[in-house]
Amino acid sequence: MNDDGIERDGFKSGDVVVITGGGGGFGKAFAKRFGGNRGRIALWDIDKKLGEETAAEVRAMGGEATFFPVDLGDADAILRTAEATMNRYGTPYCLINNASVFPRGEVLALSLQDWEFTFRVNVTAPFLIVKAFGPAMIEKKRGCVINIASGRALEGAPKGANYAATKAAIVSLTKSLALEWAPHRIRVNSLIPGQSLTAMPMVATPREKLIADAATHVPLGRIGYPDDMAGVAWFLASADAAWMTGQGVAMNGGAVMTP
Ligand SMILES: NC(=O)c1ccc[n+]([C@@H]2O[C@H](COP(=O)([O-])OP(=O)(O)OC[C@H]3O[C@@H](n4cnc5c(N)ncnc54)[C@H](O)[C@@H]3O)[C@@H](O)[C@H]2O)c1
């Protein structure tokens, strides 16, 4: 309770956080940030090695985490994994839709399969996940969703129209869901990261070039790191963000300026 007498809800010790793509990159930083602060982490990933390793790291920090192997391109697998998560941990407080795929190619070279695959993992999976957990969260009248978008949603991406379009869709889904769930006291926001040092951009560009390019092109003079994103997610889930919903919060060293 603040001194204005208004109750503000946010992440509390023991709350369950579902993190897709929790094994690598940003997902691992989210798992460690929430798990290291007494969150109970349901860590979803397609990569068993990364998933098990990250869950073990959270437990080594004294946290609680279970790895759930899942392919987010498979709708049935999502529903089964949501059920397994609920059986293990009960209703989540926070859903972090973080995993995504980025098959690269110019529009004229992109196949319909790649286009549909990108939408299935990046947009349809978050849709199915919020549908799977939504009724239980609504019943509790508390919770939050954090959708991981990308600066590409705002500025486009050569050789990545599919990816950029899915990220714009996530920003939009965030707003509609925020409106639908506000009466249930569930907040929905998106985090809009700038280019950061994870496996995803390194598929296309060597690590050293990413670092050097960011040093010259990003106003704050450096590339992003997973912990930069973990700080924003931590804030978005906290009681300090209790009056915030439907927003896209950019963290990018000033690379793209949102109003
Ligand atoms: N790294 C960046 O520069 C950057 C910039 C903007 C936005 N983002 C976004 O941040 C989020 C996290 O990206 P990252 O950089 O940490 O990427 P990453 O490649 O390091 O991690 C992605 C994780 O998702 C998992 N994953 C991939 N496909 C999956 C599937 N079908 N089912 C289940 N899990 C799957 C991977 O195994 C991996 O652990 C993504 O949504 C990405 O689009 C990243």
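Both ligands and their constituent atoms are indexed starting at 1 by order of listing. Computed from a predicted structure; not experimentally measured.
- Across all non-hydrogen atoms, the minimal contact from Arg207 to Met202 is CB-SD, 3.6 Å.
- Using a 4.5 Å heavy-atom threshold, the side chains of Pro193 and Ile148 count as touching.
- A 4.5 Å side-chain heavy-atom check between Val130 and Asn97 finds at least one atom pair inside the cut-off.
- For ligand 1, the atoms closer than 4.0 angstrom to any heavy atom of Gly25 are 16 (O), 20 (O).
- Of the polar atoms of Pro201, none of the N or O atoms is found under 3.5 Å from an N or O of ligand 1, judged by distance alone.
- Taken from CG in Asp45 to CG in Leu50, the straight-line distance is 6.0 Å, to the nearest 0.5 Å.
- Judged by distance alone, the side chains of Ser190 and Asn147 never bring a donor and an acceptor atom under 3.5 Å apart.
- Counting protein heavy atoms only, atom 14 (P) of ligand 1 is closest to Thr198 OG1, 3.6 Å.
- Legend: residues meeting salt bridge (Lys or Arg N to Asp or Glu O under 4.0 Å) with Arg142, ordered by chain and number and at least two apart, are Asp9, Asp15.
- Among the atoms of Gly151, none of the N or O lies under 3.5 angstrom from an N or O of ligand 1.
- For ligand 1 and Asp47, the ligand atoms under 4.0 Å from any heavy atom of the residue are 37 (O).
- Atom CG of Asp227 and atom CZ of Phe26 lie 10.5 Å apart (nearest 0.5 Å).
- Looking at heavy atoms from C-beta onward, Ile192 lies out of side-chain contact with Ser150 at the 4.5 angstrom threshold.
- Scanning the protein for heavy atoms near atom 7 (C) of ligand 1, the closest one is Ala149 O, 3.3 Å.
- Taking CG of Leu173 as the start and CG of Asn122 as the end, the distance is 12.0 Å to the nearest 0.5 Å.
- Using a cut-off of 4.0 Å between Lys/Arg side-chain N and Asp/Glu carboxylate O, Lys28 and Glu57 are scored as salt-bridged.
- For atom 40 (C) of ligand 1, the nearest non-hydrogen atom from the set Thr54, Ile148, Asn98 belongs to Asn98.
- Under 4.0 Å from ligand 1, not a single heavy atom of Met229 appears.
- Judged purely by distance below 3.5 Å, without hydrogens or angles, the side chains of Tyr225 and Ser196 never pair a donor atom with an acceptor atom.
- Here the heavy atom of the protein found nearest to atom 37 (O) of ligand 1 is Asp45 OD1, 2.5 Å.
- Ligand 1 has Lys167 within reach: a non-hydrogen atom of the residue lies less than 4.0 Å from it.
- The shortest distance between side-chain heavy atoms of Asn189 and Ile146 does not fall below 4.5 Å.
- Checked by distance only, ligand 1 and Gly24 come closer than 3.5 Å through their nitrogen or oxygen atoms.
- Counting the atoms of ligand 1 from 1 in the order shown, those under 4.0 Å from a heavy atom of Val70 are 32 (N), 33 (C).
- Looking only at heavy atoms of the protein, atom 5 (C) of ligand 1 is closest to Gly194 O, 3.5 Å.
- For atom 34 (N) of ligand 1, the closest non-hydrogen atom on the protein side is Ile46 N, 3.2 Å.
- Protein heavy atom nearest atom 6 (C) of ligand 1, with residue, atom name and distance: Pro193 O, 3.4 Å.
- Contacts with ligand 1 closer than 4.0 Å are made by side-chain heavy atoms of Tyr163 only, the backbone lying farther away.
- For Phe11 and Trp234, the gap between ring centers is short of 6.0 Å.
- Residue contacts with ligand 1 for Asn122 are absent, since no atom lies close enough (heavy atoms, distance under 4.0 Å).
- Between atom 23 (C) of ligand 1 and the options Gly21, Ser150, Ser100, Ala77, the minimum heavy-atom separation is to Gly21.
- Numbered from 1 in the order shown, with element, the atoms of ligand 1 that lie under 4.0 Å from a heavy atom of Asp71 read 31 (N), 32 (N).
- Distances shorter than 4.0 angstrom do not occur between any heavy atom of Gly51 and any atom of ligand 1.
- For ligand 1, the atoms sitting less than 4.0 Å from at least one non-hydrogen atom of Phe26 are 1 (N), 2 (C), 4 (C), 8 (N), 10 (O), 11 (C), 12 (C), 16 (O), 44 (C), numbered in the order shown with element in parentheses.
- Defined by atom type and a distance below 3.5 Å, a donor-acceptor pair is missing between the side-chain atoms of Thr245 and Trp181.
- The shortest side-chain heavy-atom distance between Lys167 and Ser100 falls under the 4.5 Å cut-off.
- Ligand-side atoms of ligand 1 in range of Val101: 28 (N), range being under 4.0 angstrom from any heavy atom.
- Ligand 1 has no nitrogen or oxygen under 3.5 angstrom from a nitrogen or oxygen of Gln195.
- The existence of a salt bridge linking Glu53 and Lys49 is confirmed by a sub-4.0 Å separation between a basic side-chain nitrogen and an acidic carboxylate oxygen.
- Of the polar atoms of Trp44, none of the N or O atoms is found under 3.5 Å from an N or O of ligand 1, judged by distance alone.
- At a heavy-atom cutoff of 4.0 Å, ligand 1 is contacted by no atom of Ala125, backbone or side chain.
- With respect to atom 3 (O) of ligand 1, the closest heavy atom belonging to the protein is Ser196 N, 2.8 Å.
- Of all protein heavy atoms, the one closest to atom 17 (O) of ligand 1 is Met200 CB, 3.6 Å.
- For a threshold of 3.5 Å applied to N or O pairs, the pair formed by Leu72 and ligand 1 contains at least one separation below that value.
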